[in-house]
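Quick note: residue numbers are just sequence positions, from 1. Both ligands and their constituent atoms are indexed starting at 1 by order of listing.
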Amino acid sequence: MSNESLANLLKEERRFAPPAALAEQANVTAEAYEQARADRLGFWAEQARRLSWHTEPTQTLDWSNPPFAKWFADGRLNVAYNCVDRHVENGLGDRVALHFEGEPGDTRSITYAQLQSEVSRAANALLELGVRPGDRVAIYLPMIPEAVVSMLACARIGAPHSVVFGGFSADALATRIKDADARVVITADGGFRRGKPSALKPAVDEALTRPGTEDVRSVLVVRRTGQEDIAWTEGRDLWWHDLVDRQSDRHVPEAFDAEHPLFILYTSGTTGKPKGILHTSGGYLTQISYTHHAVFDLKPESDVFWCTADVGWVTGHSYIVYGPLSNGATEVLYEGTPDTPHRGRWWEIVQKYGVTVLYTAPTAIRAAMKWGDDIPAGFDLSSLRVLGSVGEPINPEAWVWYREHIGGGRTPVVDTWWQTETGGIMISPLPGVTATKPGSAQVPIPGIAATVVDDEAREVPNGSGGYLVLTEPWPSMLRTIWGDDQRFLDTYWSRFEGRYFAGDGAKKDDDGDIWLLGRVDDVMLVSGHNISTTEVESALVSHPRVAEAAVVGATDPQTTQAICAFVILRGDEDASADESALVEELRAHVAKQLGPIAKPKRILPVAELPKTRSGKIMRRLLRDVAEQRTLGDVTTLTDSSVMDLIQAKLPAAP
Ligand code: ATP
Ligand code: MG
């Protein structure tokens, strides 16, 4: 970004007060902000008491060697015990922990008592394989209960897990196995996706032929799809049902230091090469448990929680596994895609299990908008009481659609900003406290300090934009990049002295609320003005014909960069006939919404946009297209043929 701070173009006046009944019974009230402001560390020390410690911590934060933080350093606990056993000991053994829904329609409901047995057996199995505290275990599984069980089994024996998304290739898996030097891989024959079995084991076999993966001694294989022709390496490969099922269902959890590594997880790779983010135990679990309780107002005795993320992403780690289970919640785990066998599958699941709190991503909301309002309208969604969003800035129109068509116009929508690096939610409304604004994550949660600064690290006044920074350490912060302390320092701590640089652009509105404006790498410079891709995209999406938009700045001789927009049109109407008239209408629409400076030079209707496997738009590839360059790294792209289609549509530069 240049010296001029980010232009503040978008105006959004809609406000939604918390429903009175929810506010009255809310888990967290406005008082929490006061309390945390008065004594931030005391506040977190109190939240740590949500957990059950083997040795209670007497220290809260050790910041003597910044930015390497230690939280609750003299405390000892077992993370899996906190997520499973203690609920059973508290008489909740019969409560359902997981309602599993397989894509083909098979289901399993697993109580906390059953989860305790399964996790204990899996822990005993890993011990039999020689896994010791500190050894890394790679997990490459579909969204089946064994994924959750494996993660908890690792946590239980102090073996950090590295979960690799089941949609990734052998290459991506091999790099991650090698980087973390994993000893064991837990996988499955395959999973179900889009109505068919999709194999996983061959990718593991291939990955393990790559140099640097030799330390993998054992591959534990869950039978999920029952495909028959599966290759087998004797002495290395073992069936889960052979090894795990014969183990004792008793395992006494050992306590580990609060700073014992819990997992390594690689970022999505939206802006570049993925980074192996290291999270530890006590601080992580404290913040994840607290944020799940506070941001979703989770009432474990009555709520049914559903986070639609994959466990391969941080959202799945924190808000499928560690948050809900540490709070003793009942939750849904769904294996498949939202449109198999039909486009109402998610809403059918909400109706079937009476889901009360739904947490999903803008990409899914925009897809549902595109498919049409009548689809969710065909299901009973009245059980829902809180809706959440994560992963990208949510366009105000998508936010309003979500509240209206999924939330029946009743539910608060919490737009939660955070990253793999932050471990848990950092900026979000609280559903019983905050009057929400469509498109804004608004305020740091109690105990978190964030602000927006300019190039010179000065805090910007309300009404201006700049860089999002976190100004105080937080319990679930990353401890380093695995094996690369220098990259940790360079990436996050060198841009602004003593502050964590998130890499995202943001602005503060007139009330001081925070709006996320996309990656700093994506900010455009047009005739001396910094313009946010997010704002131009939101302006496009506010036009009734636009379902999705991705905006990039392409090098331009006159204006430094020119705004180039790729849009997916809504509905089934044939766009080709009136395409050029529509493009003109959309350019005028953006100019009217944001001002003439933000008017796109070019708008290209396309069928699909390039997205990471976690659903984020990859603008850097579109920039390559717009500037007619060779494409950069596409390994974390869902479907690389999308790029061929887009390139084919692009006329020669005018
Ligand atoms: P990489 O760092 O490798 O490029 P990534 O940043 O996509 O990958 P994640 O940690 O999964 O990997 O994503 C975090 C990013 O997602 C944030 O930095 C932010 O840009 C975006 N994000 C997440 N939630 C929100 C939100 N509610 N509003 C706006 N942006 C969000
Ligand atoms: Mg990132």
Side-chain angles (χ1 to χ4, degrees), residues 163 165 168 172 175-176 179 264-277 279 291 295 307 309-319 359-365 387-396 398-399 402 413-429 436-445 450 452 467-470 476-478 481 487-488 491-492 500-507 513-523 532-535 537-538 610-621 632-633 635-638:
V163 182
F165 172 56
F168 276 153
T175 336
R176 288 163 178 74
D179 190 72
I264 303 164
L265 180 64
Y266 294 81
T267 56
S268 312
T270 313
T271 53
K273 181 171 168 272
K275 304 170 272 288
I277 303 301
H279 283 288
T291 50
V295 174
C307 166
D310 192 281
V311 285
W313 307 123
V314 72
T315 307
H317 280 56
S318 298
Y319 299 105
Y359 192 30
T360 193
T363 182
I365 298 164
L387 301 177
S389 172
V390 61
E392 285 186 289
I394 178 166
N395 317 105
W399 191 107
Y402 190 30
V413 174
V414 289
D415 174 14
T416 63
W417 177 87
W418 58 294
Q419 313 175 294
T420 310
E421 293 88 339
T422 68
I425 296 170
M426 302 293 282
I427 306 180
S428 171
T436 50
K437 298 179 180 176
S440 174
Q442 296 184 280
V443 274
I445 61 155
V452 180
Y467 307 90
L468 182 71
V469 293
L470 303 171
S476 65
M477 66 195 285
L478 76 166
I481 292 179
R487 191 173 177 204
F488 169 64
T491 310
Y492 309 108
Y500 173 90
F501 171 51
D504 286 341
K507 74 179 182 197
D513 282 331
I514 295 174
W515 295 70
L516 275 303
L517 298 178
R519 312 309 176 105
V520 166
D521 309 27
D522 290 338
V523 169
S532 130
T533 50
T534 301
E535 290 192 321
E537 288 163 6
S538 288
K611 291 191 181 154
T612 62
R613 307 283 181 128
S614 55
K616 297 175 203 281
I617 299 171
M618 269 169 126
R619 290 177 195 75
R620 64 181 168 83
L621 296 179
D633 183 31
T635 54
T636 59
L637 202 60
T638 336

>> Run the ring pair (Phe, Tyr, Trp, His ring centres under 6.0 Å) test against Trp418 and tell me which residues pass, sequence neighbours left out.
In response: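 Result, ring pair (Phe, Tyr, Trp, His ring centres under 6.0 Å) vs Trp418: Tyr319.
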> Got a sec, which residues hit ring pair (Phe, Tyr, Trp, His ring centres under 6.0 Å) with Trp313, two or more places apart in sequence or on another chain?
Replying inline: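 Partners of Trp313 under the ring pair (Phe, Tyr, Trp, His ring centres under 6.0 Å) test: Phe165, Phe168.
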> Between Tyr359 and Thr315, is any side-chain donor less than 3.5 angstrom from a side-chain acceptor?
Replying inline: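 Per modelled atom types, Tyr359 and Thr315 side chains form no pair under 3.5 Å.
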>> Is it the case that the side chains of Thr363 and Lys611 hold a donor-acceptor pair, with the cut-off being a distance below 3.5 Å and no angle test?
In response: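 Yes - a donor-acceptor pair under 3.5 Å links their side chains.
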Where does ligand 1 get N/O contacts under 3.5 Å from the protein, atom by atom?
residue, atom, partner, partner atom, Å
ligand 1, 2 (O), Lys275, NZ, 3.2
ligand 1, 3 (O), Thr267, OG1, 2.6
ligand 1, 3 (O), Gly269, N, 2.8
ligand 1, 4 (O), Thr270, N, 3.0
ligand 1, 4 (O), Thr271, N, 2.6
ligand 1, 4 (O), Thr271, OG1, 2.5
ligand 1, 6 (O), Arg519, NH1, 2.9
ligand 1, 6 (O), Arg519, NH2, 3.4
ligand 1, 7 (O), Thr270, OG1, 2.3
ligand 1, 7 (O), Arg519, NH2, 2.9
ligand 1, 8 (O), Ser268, N, 3.3
ligand 1, 8 (O), Gly269, N, 3.0
ligand 1, 8 (O), Thr270, N, 3.3
ligand 1, 10 (O), Thr420, N, 2.9
ligand 1, 10 (O), Thr420, OG1, 2.5
ligand 1, 11 (O), Ser268, OG, 2.7
ligand 1, 12 (O), Ser268, N, 3.3
ligand 1, 12 (O), Ser268, OG, 3.1
ligand 1, 13 (O), Lys616, NZ, 3.0
ligand 1, 16 (O), Gly391, O, 3.2
ligand 1, 16 (O), Lys616, NZ, 3.0
ligand 1, 18 (O), Gln419, NE2, 2.9
ligand 1, 18 (O), Asp504, OD1, 3.3
ligand 1, 18 (O), Asp504, OD2, 2.8
ligand 1, 20 (O), Asp504, OD1, 2.8
ligand 1, 20 (O), Asp504, OD2, 2.9
ligand 1, 20 (O), Arg519, NE, 2.9
ligand 1, 22 (N), Gly391, O, 3.2
ligand 1, 24 (N), Gly391, N, 3.0
ligand 1, 27 (N), Asp415, OD1, 2.7
ligand 1, 27 (N), Thr416, O, 2.8
ligand 1, 28 (N), Glu392, O, 3.3
ligand 1, 30 (N), Pro393, N, 3.4

>> Under the rule for side-chain contact (heavy atoms from CB on, under 4.5 Å), what residues qualify as partners of Ser476, not counting sequence neighbours?
In response: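 Once residues adjacent in sequence are excluded, the partners of Ser476 under the side-chain contact (heavy atoms from CB on, under 4.5 Å) criterion are Tyr284, Gln287, Ile288, Trp474.
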>> Would Asp521 and Arg620 count as a salt bridge (charged side-chain N to carboxylate O under 4.0 Å, His left out) here? Give the steps.
In response: CA-CA 8 Å; Asp521 309 27; Arg620 64 181 168 83; over 6 Å; no
